[in-house]
2 protein chains.
Amino acid sequence: MLSHDELALLEAIRDSGSLSRAAARLGKAPSTISHAARQLEGRFDALLFDRRRYRLQLTPAGQLLTQEATRLILDVARLSQRVKQVASGWEDRLHIVTDEILEFEILLPVVRAFDALGSGVNLRITHEVLGGTWEALREGRADLVVGATNEPPVMPHLRWFELGAMEWVFAVSPRHPLAKIAEPLQQNEVIRHRAVVVADSSRNVGRAYGVLGGQPTLAVPSMRAKVLAQRDGLGVGWLPRRRVATLLKSGQLVEKRMADPREPNVLYVAWRSDQEGRALAWWLEQFRQPRLAKRLIQGLDMHDHTE
Amino acid sequence: MLSHDELALLEAIRDSGSLSRAAARLGKAPSTISHAARQLEGRFDALLFDRRRYRLQLTPAGQLLTQEATRLILDVARLSQRVKQVASGWEDRLHIVTDEILEFEILLPVVRAFDALGSGVNLRITHEVLGGTWEALREGRADLVVGATNEPPVMPHLRWFELGAMEWVFAVSPRHPLAKIAEPLQQNEVIRHRAVVVADSSRNVGRAYGVLGGQPTLAVPSMRAKVLAQRDGLGVGWLPRRRVATLLKSGQLVEKRMADPREPNVLYVAWRSDQEGRALAWWLEQFRQPRLAKRLIQGLDMHDHTE
DNA sequence: ACAACATGTTCGGCCTCTTCGAACGAGTGC
DNA sequence: GCACTCGTTCGAAGAGGCCGAACATGTTGT
């Protein structure tokens, strides 16, 4: 419908401003070019060339066609590249969804290593909170989820392995009223104080983990924000133990033993076994390495950057 | 590089799930289809068909190609349409730039009439303030300007005619200090009070018409906003007489005679004589009709909508 | 003004690529 | 097992692209 040769013809005519020169540039006979030009006009049922003057020129319609055809040919070239890529086993794009409690910084060197492969795969990394990761996998918004919490739900073609377990600590600011209550803390003491929860802006405004019914809440956009909020005494709640180790040691947060403690949380890596490409396999291989898994589970210990 | 026939082939294979049926649907011999399919694979240097099972299937690469090719073919079809349109004299798109003092509402029925022609021309109507209209024409951002003020500048291929003259009135809120000053007002009395000016957010933050040097200003986004601001006593300045007739009559604005009055302003319709298309000609014909010109010049008389 | 040159078109013939039909091997279903 | 479908290979026929020759028209140089 619009071959590469035809575009080359149009461009040659536009640039050289003559059929003969275009023919010379393309290494063809002038008669061939003349014939092809007329055929092109017939196909589009439009006057593409202004033959009134000595050397013919592109009409506005011809200019439009040339300009847009250039864009189209670029599109086709890119498409060709993508097709080759998929044929060689690399996905066209890979959508990785992590739970929000995993920190993106730890994935950065892995992304850099992936880029170094030169696969051409379009990487898309987003995060979800709570059950959002499983939903993303189920609904096809994700090809691979990392750090999904709770038990894997039933889902066709689902495969997974455990990334590790995350330990939690109930901690409050030393200036918070709960800091002075005798341990272990009972539910009826905690429920009177506001809980800080991580909430997604778009989906899943519903349930939150470790929050008691009827308890007032402060929703913040990330686990990092939650740590900061609790350090400043804006509310209480469970925090990843390894990420607040320094804050606990320096006394900016105080651990409070609870009457019913929170069990360590198992985090999963999961994907769909249909359409396993090379990029997916590569990432799974990375997450199976204990060193990366451990760093993801531990997270970044938060120092105080405000002083 | 990717013809319409080849797309039809891919789609037929995807939908029928077999070469023979695809051949039957396309009205060709099965051998032809087989040959074409292999050739396509050779051109893209990729396995597009999975021949391991009895009936062949599209590989992921083949699926990607089919899907994207569909989009490409649509693009080409649209392009073909646009080329035909341009060849038949209609522009691909027409960019009309009006001065801000003209009200868009008055153009609405004309736009509707233009749509009724079914030309397919993409209309783009924006507005500029002060000299912005001439600049837009000079820089190719506009194909047609309406309501341009001041004398037409020198510009190659420029053509224009007069739309009409707009009368101005210096008016203030009855609660404004200037309302009680004896007429005619002198410059040194006006300069002490803030002027309301219409300013563009992006370009041309510079000069404004009828503002004295050293006078404080309040810049608002439109002539409509300027009228409202002056009615509420936020500042003073010149207003189109016909648009504030009702406000003057009801006493919400008070006319003040000036020591040096503002002459009526001639508004122009202008365009470039190179590349005159049918859409441009149609719009020029509309603006040459005295009835539309008069309505544009007069604008919409502003009633009080706040009570 | 005239010659030399450049440009675009038409026409007949050559050649490549597409298309077809026939034949064959392989897989499927009753 | 038999009838059927499916995909492939191969040679022949046909269509379309391409070339060179010839020609009409327009431009440039002297």
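So that the names make sense, note that chain A is the first sequence line, chain B the second, and so on, each numbered from 1.
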Enquirer: Counting the atoms with a prime plus P, OP1 and OP2 as sugar-phosphate, which does Leu56(B) contact under 4.0 Å by heavy atoms, base, sugar-phosphate, or nothing?
Expert: sugar-phosphate

Enquirer: Measuring to OP1 and OP2 of dT10(C), would you say a side-chain N or O of Arg38(A) lies under 4.0 angstrom away?
Expert: yes

Enquirer: So if I take every side-chain heavy atom of Gln39(B) and compare against dT9(C), dT8(D), dT18(C), which nucleotide ends up nearest?
Expert: dT18(C)

Enquirer: Do Arg288(A) and Glu162(A) meet the salt-bridge criterion of a basic N to acidic O distance under 4.0 Å?
Expert: no

Enquirer: Tyr268(A) vs Trp160(A) aromatic rings, parallel, tilted or perpendicular, using cut-offs 30° and 60°?
Expert: perpendicular

Enquirer: Please determine, by modelled atom types, if Thr66(B) and Glu11(B) share a side-chain donor-acceptor pair under 3.5 angstrom.
Expert: no

Enquirer: Between the axis at one end of the helix from dA1(C)-dT30(D) to dC30(C)-dG1(D) and the axis at the other (five pairs apiece), what's the angle to 10 degrees?
Expert: 30°

Enquirer: Salt bridge or not between Asp143(B) and Arg93(B)? Use side-chain N to carboxylate O under 4.0 Å.
Expert: no

Enquirer: Check this for me: does any side-chain nitrogen of one of Asp75(B) and Arg78(B) sit under 4.0 Å from a carboxylate oxygen of the other?
Expert: yes

Enquirer: Specify the separation, in whole Å, of atom CG of Leu19(A) and atom C1' of dA6(C).
Expert: 12 Å

Enquirer: Between P on dG7(D) and CZ on Arg52(B), what's the gap in Å once rounded to a whole number?
Expert: 15 Å

Enquirer: Under a 4.5 Å cut-off applied to non-hydrogen side-chain atoms, are Val97(B) and Arg141(B) in contact?
Expert: no

Enquirer: Between dC6(D) atom C1' and Phe49(B) atom CZ, what is the distance in whole Å?
Expert: 15 Å

Enquirer: Starting at atom CZ of Arg21(B), determine the distance to atom P of dT5(D), rounded to an integer number of angstrom.
Expert: 10 Å

Enquirer: Salt bridge or not for Arg21(B) and Asp15(B), using N-O below 4.0 Å?
Expert: no

Enquirer: Has Glu91(A) got a side-chain atom pairing as donor or acceptor with Ala279(A)'s backbone, closer than 3.5 angstrom?
Expert: yes

Enquirer: Charged N to carboxylate O under 4.0 angstrom, Glu68(A) versus Arg71(A)?
Expert: yes

Enquirer: Would you kindly give the CD-to-P distance between Glu6(B) and dC17(C), to the nearest whole Å?
Expert: 14 Å

Enquirer: Could you pull out the protein-nucleic contacts involving nucleotides 19-22 of chain C (nitrogen or oxygen on both sides, under 3.5 Å)?
Expert:
{"from": "dT19(C)", "atom 1": "OP1", "to": "Lys28(B)", "atom 2": "NZ", "distance (Å)": "3.2"}
{"from": "dC20(C)", "atom 1": "OP2", "to": "Ala29(B)", "atom 2": "N", "distance (Å)": "2.8"}
{"from": "dC20(C)", "atom 1": "OP2", "to": "Thr32(B)", "atom 2": "OG1", "distance (Å)": "2.9"}
{"from": "dG21(C)", "atom 1": "O6", "to": "Ser31(B)", "atom 2": "OG", "distance (Å)": "2.9"}

Enquirer: Would one find a side-chain N or O of Arg51(A) under 4.0 angstrom from OP1 or OP2 of dG8(C)?
Expert: no

Enquirer: Just by protein heavy atoms under 4.0 Å, how would nucleotides 25-30 of chain D read 5' to 3' in B, S and -?
Expert: -BS---

Enquirer: With side chains defined as the heavy atoms from C-beta onward, is the minimum distance between Phe161(B) and Trp271(B) less than 4.5 Å?
Expert: yes

Enquirer: State, yes or no, whether a side-chain contact exists between Pro152(A) and Leu158(A) at a heavy-atom distance under 4.5 Å.
Expert: yes

